[in-house]
Q: 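Here it is: the structure, laid out below.
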Amino acid sequence: MASAVEQWVDEIARTTRPDTIHWCDGSDAETERLTQLLLSEREFIKLNESVHPNSYLFRSDPSDVARTERLTFIVTDKQEDVGPTNNWMSRQDAKSRVWPLFEGSMKGRTMYVIPYLMGPADSPYSKVGIEITDSAYVVLNMRIMTRIGKVAMDRLQNDGSDWVPGLHSLGDLSPKRRFIVHFPDTRTIWSIGSGYGGNALLGKKCYALRIASTMARDQGWLAEHMLILGLQSPDGDVTYICGAFPSACGKTNLAMLKSPFENEGWKVWTVGEDIAWLNVGPDGRLWAINPETGYFGVAPGTNSKTNPNAMAAVMHDTIFTNVALKDDGTAWWEGMDGPVPDHLIDWLGNDWSPHEETAAPAAHPNSRFTTPAVNNPAISSHWEDPRGVPISAILFGGRRADTVPLVYQSFGWEHGVYVGATMASEGTAAAETKVGVVRRDPMAMLPFCGYNMADYWGHWLEMGRRIKNPPAIFQVNWFQRDENGQFIWPGFGQNMRVLRWVREQALNRGNGPAREMSIGIVPTPDALHSEELGIDAKHMDQLLSVDHELWETEVAGQKEFLAKFGDRLPAEIRKQEQALEQRISKVTA
Ligand code: GTP
Ligand code: SPV
Ligand code: MN
């Protein structure tokens, strides 16, 4: 296996023609050397050592600040195999339009070879990747986000595992020559022209979601864009819950939630905050591992009230990308604690003052921290359990200003799959999409499913038949707005109220107050003890009721979306669509 890796590295080097090749071992000495290199090239700015020990600020190219979905492609023989929601590229186009961009692309640069393992070292569910990159920043991020070096090479040598080759080059960073290309049949990734996030850290979205989703289809498991949390109740039991929310819709924050009811014994432990690999365990239940070892989290909005665990985590050993810099050499972003400073250096490196009329945000809205999972004070003691953790509930959630209640439970797995398949969310700064415009984002996998989404729903339905005790499925929406455009629900720590109800329902102790409605099972305000929050009855009703006029429009939107999949749509999804339509028309008739 190792020689197959060497062969591939040789072959890539013949095309990309780097000056030198460096095999990464993940050691502290290597990290130190690469950090010094980036400091000397002024790519890294060292932050105030007494506040943020061993932490750095990196500014990406201003045209390279988020995932670029329109430049992300899946290559298959037949276009219909990627479905209507993916960009398809022919093998011929990949060869003639993308491959030539790699010719000589590493001239004058070092080529880094990063062996990495996704998942705990001793888990049967973990998988190996090899990323070739010409970016030292990518290496340092991958080192936080995955298990790099010896642990991955050992895995290759010992069990002859398959590995996923991923080729990344910065190219000239021009969006005109930027492509992120996936070959599910050879399990290969090519990425050129971007050094940012999911475009460049190939273990994350390219491997752990797009390629892994096709492996999971073939091998009978699920690769999902999900957080994994453990909810501890006063009796000391921990219930594990997964949540699929689109990019920048609250996964990291929910996974790191600081409970307002900690002294009553209610607490949240983080297993993962972006990706879950789910397998049917020996007991027939669904078990989740977090393939990553770090958090590439959204900075804006993070403060000691919304996410104290994240604030503690990013205080040390953290790489910040595109945040603002305070005069005292510390990091700053919109929504941080305290007053807005009078002077900052913004994410572009320019002087910034809040008084200027045109003041744009000082930190980029998609600015991020890369921080090791072990920095999180709420890390679960099972986060590296080789078996994973057993999942009792799955949440689907998006950003919806109206229509979708705060929380409701589906009537079962099949209905739950329908709820996931039809979920929608307002666009965010995490991708180059229109911010605020609602789009369907099935299972939060719209940009990440490596094959035809209709087949993916079929796979979910098939998994439901294979799981003896399937998790209960819910939809949540923290983002309903009032008539002044303000969020009604306080969110963050207060989402604990929703988690407690979810747990009750999932464990079938659902004797709590709930109402069966047309769209699913909705808690009453009492079930959430919402009277403690001072939300008036009218707004509480908006959070927990079903507006059937809005739902008629919603179902029309769902039908229009599902129609795109034609005959490929599983019959069960069509059946659920009709059943929902009937339940709603019964109310409005
Ligand atoms: P990705 O890393 O892009 O996948 O995002 P994510 O799903 O992990 O989202 P994250 O938790 O980073 O939250 C994104 C933004 O939403 C941040 O600005 C948060 O402050 C904000 N946010 C998260 N949870 C809540 C909530 O419960 N209520 C409100 N109003 N905002 C929230
Ligand atoms: C997301 O967009 O879902 C992220 C950030 O988690 S990135 O790694 O860039 O994909
Ligand atoms: Mn994400």
Side-chain angles (χ1 to χ4, degrees), residues 60 64-69 72 138 141-142 145-146 180 191 194-210 224-229 243-258 270 272-276 292 294-303 305-307 309-311 314 321-322 333-336 361 363-371 395-401 406-407 425-433 435 441 444-448 476-481 485-499:
S60 70
D64 184 30
V65 294
R67 284 182 298 100
T68 35
E69 294 178 2
T72 301
V138 165
N141 275 271
M142 284 293 283
M145 296 304 297
T146 70
I180 298 97
S191 167
S194 166
Y196 196 87
N199 286 348
L201 313 178
L202 301 187
K204 205 171 181 42
K205 300 304 162 57
C206 299
Y207 183 173
L209 291 178
R210 296 193 193 95
E224 300 299 326
H225 191 201
M226 287 180 176
L227 68 94
I228 312 163
L229 64 80
F245 313 161
S247 303
C249 290
K251 289 182 300 303
T252 301
N253 278 272
L254 192 68
M256 300 179 88
L257 181 149
K258 173 91 174 153
T270 317
E273 52 77 72
D274 198 48
I275 296 175
E292 301 186 290
Y295 308 158
F296 184 60
V298 175
T302 309
N303 62 52
K305 286 187 199 66
T306 57
N307 195 341
N309 289 321
M311 288 307 280
V314 303
T321 302
N322 295 340
W333 49 78
E334 274 68 24
M336 198 189 251
H364 188 278
N366 191 38
S367 56
R368 300 226 170 208
F369 51 79
T370 318
T371 204
L395 314 179
F396 290 121
R399 265 177 203 266
R400 297 293 298 269
L406 179 65
V407 57
S425 190
E426 295 165 13
T428 66
E432 287 186 352
T433 46
V435 173
D441 188 345
M445 284 287 277
L446 179 75
F448 308 121
V476 298
N477 175 24
W478 317 139
F479 299 98
Q480 278 202 67
R481 291 178 191 262
Q486 302 295 311
F487 292 123
I488 300 172
W489 181 249
F492 302 103
Q494 297 300 340
N495 293 333
M496 190 68 172
R497 295 172 190 274
V498 172
L499 294 180

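Whatever order the structure lists ligands and atoms in, that order sets their numbers, starting from 1.
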Q: Once salt bridge (charged side-chain N to carboxylate O under 4.0 Å, His left out) is applied, do any residues pair with K205, and if so which ones, sequence neighbours excluded?
A: D274

Q: Can you tell which part of S247 has a heavy atom less than 4.0 Å from ligand 1: side chain, backbone, both or neither?
A: both

Q: Measuring only between side-chain heavy atoms, which start at C-beta, is L395 closer than 4.5 Å to F245?
A: yes

Q: Just need the protein heavy atom nearest to atom 9 (O) of ligand 1, so name the residue and atom and give the distance.
A: G250 N, 2.8 Å

Q: Does at least one non-hydrogen atom of R368 fall below 4.0 angstrom from an atom of ligand 1?
A: yes

Q: For atom 32 (C) of ligand 1, tell me which residue out of W478, F492, Y295 has the closest non-hydrogen atom.
A: F492

Q: Using only atom types and a distance under 3.5 Å, with no angle test, would you say the side chain of R399 pairs donor to acceptor with the backbone of P246?
A: no

Q: Please confirm whether the backbone N or O of D64 pairs with a side-chain atom of S194, one donor and one acceptor, at under 3.5 Å?
A: no

Q: Do side-chain atoms of E292 reach the backbone of K204 as a donor and acceptor pair under 3.5 angstrom?
A: no

Q: Is the backbone of L257 close enough, under 3.5 Å, to the side chain of N253 for a donor and an acceptor to pair up by distance?
A: no

Q: Ignoring angles and geometry beyond distance, decide whether T302 reaches within less than 3.5 Å of ligand 1 through its nitrogen or oxygen atoms.
A: no

Q: Check whether any heavy atom of Q480 sits under 4.0 Å from an atom of ligand 1.
A: no

Q: Report yes if the side chains of W478 and Q494 come closer than 4.5 Å at any heavy-atom pair, otherwise no.
A: no

Q: Is there at least one pair of N or O atoms, one from E273 and one from ligand 1, spaced under 3.5 Å apart?
A: no

Q: Should one rank A66, G491, P300 by closest heavy-atom distance to atom 18 (O) of ligand 1, which comes out on top?
A: P300

Q: Within the side chain of T306, is there an N or O that forms a donor-acceptor pair under 3.5 Å with the backbone of G301?
A: yes

Q: Taking side chain as C-beta onward, heavy atoms only, is C206 less than 4.5 Å from I180?
A: yes

Q: Is there side-chain contact between N495 and W489, with at least one heavy-atom pair below 4.5 Å?
A: yes

Q: With carbon and hydrogen excluded and only N/O/S kept, which atom of D274 is nearest the Mn ion (ligand 3)?
A: OD1

Q: Can you tell me if F479 contacts ligand 1 (heavy atom of the residue under 4.0 Å from the ligand)?
A: yes

Q: What part of N495, side chain from CB on, backbone N/CA/C/O, both or neither, has a heavy atom under 4.0 Å from ligand 1?
A: side chain

Q: Is it the case that the side chain of N477 and the backbone of R400 share a donor-acceptor pair, with hydrogens and angles ignored and the cut-off at 3.5 Å?
A: yes

Q: Would you mind running through ligand 1 and noting each atom that sits below 4.0 Å from a heavy atom of D274?
A: 4 (O)

Q: Given side chain to side chain contact (heavy atoms under 4.5 Å, CB included), test L227 with T252 step by step and report yes or no.
A: CA-CA 7 Å; L227 68 94; T252 301; over 6 Å; no

Q: Considering both backbone and side-chain atoms of G297, is one of its nitrogen or oxygen atoms within less than 3.5 Å of a nitrogen or oxygen in ligand 1?
A: no

Q: By number and element, which atoms of ligand 1 are closer than 4.0 Å to a non-hydrogen atom of P246?
A: 7 (O)

Q: For ligand 1, which atoms have a heavy atom of A248 less than 4.0 angstrom away?
A: 1 (P), 3 (O), 4 (O), 5 (O), 6 (P), 7 (O), 9 (O), 14 (C), 15 (C), 16 (O)

Q: When you measure from the side chain of S191 to the backbone N and O of A200, does any donor-acceptor pair fall under 3.5 Å?
A: no

Q: Taking the side chain as everything from C-beta on, heavy atoms only, tell me whether H225 gets closer than 4.5 Å to S247.
A: yes

Q: Are T72 and R67 close enough that some pair of their side-chain heavy atoms sits under 4.5 Å apart?
A: no

Q: So does P447 get a backbone contact from the side chain of R210, meaning a donor-acceptor N/O pair under 3.5 Å?
A: yes

Q: Looking at H225, which atoms of ligand 1 are within less than 4.0 Å of one of its heavy atoms?
A: 4 (O)

Q: Residue-level breakdown please: for R399 versus ligand 1, do any non-hydrogen atoms fall below 4.0 Å on the side chain, on the backbone, on both, or on neither?
A: side chain

Q: Contact between T306 and ligand 1, counting heavy atoms under 4.0 Å?
A: no

Q: Under 4.0 Å, heavy atoms only, figure out whether ligand 1 is touched by the backbone of T428, its side chain, both or neither.
A: neither

Q: When you measure from the heavy atoms of P490 to every atom of ligand 1, does any distance fall below 4.0 Å?
A: no

Q: For atom 11 (O) of ligand 1, what is the closest protein heavy atom, and at what distance to 0.1 Å?
A: N253 ND2, 2.7 Å

Q: Can you list, by chain and residue number, every protein residue with a non-hydrogen atom closer than 4.0 Å to ligand 2?
A: R67, G197, G198, K204, K205, H225, S247, D274, F296, R368, A430, F448

Q: Looking only at protein heavy atoms, identify the closest one to atom 6 (P) of ligand 1 and say how far it is in Å.
A: K251 N, 3.4 Å

Q: Does ligand 1 come near enough to F487 that some N or O of the ligand is less than 3.5 Å from an N or O of the residue?
A: no

Q: Would you mind reporting whether L202 and Y207 have side-chain heavy atoms less than 4.5 Å apart?
A: no

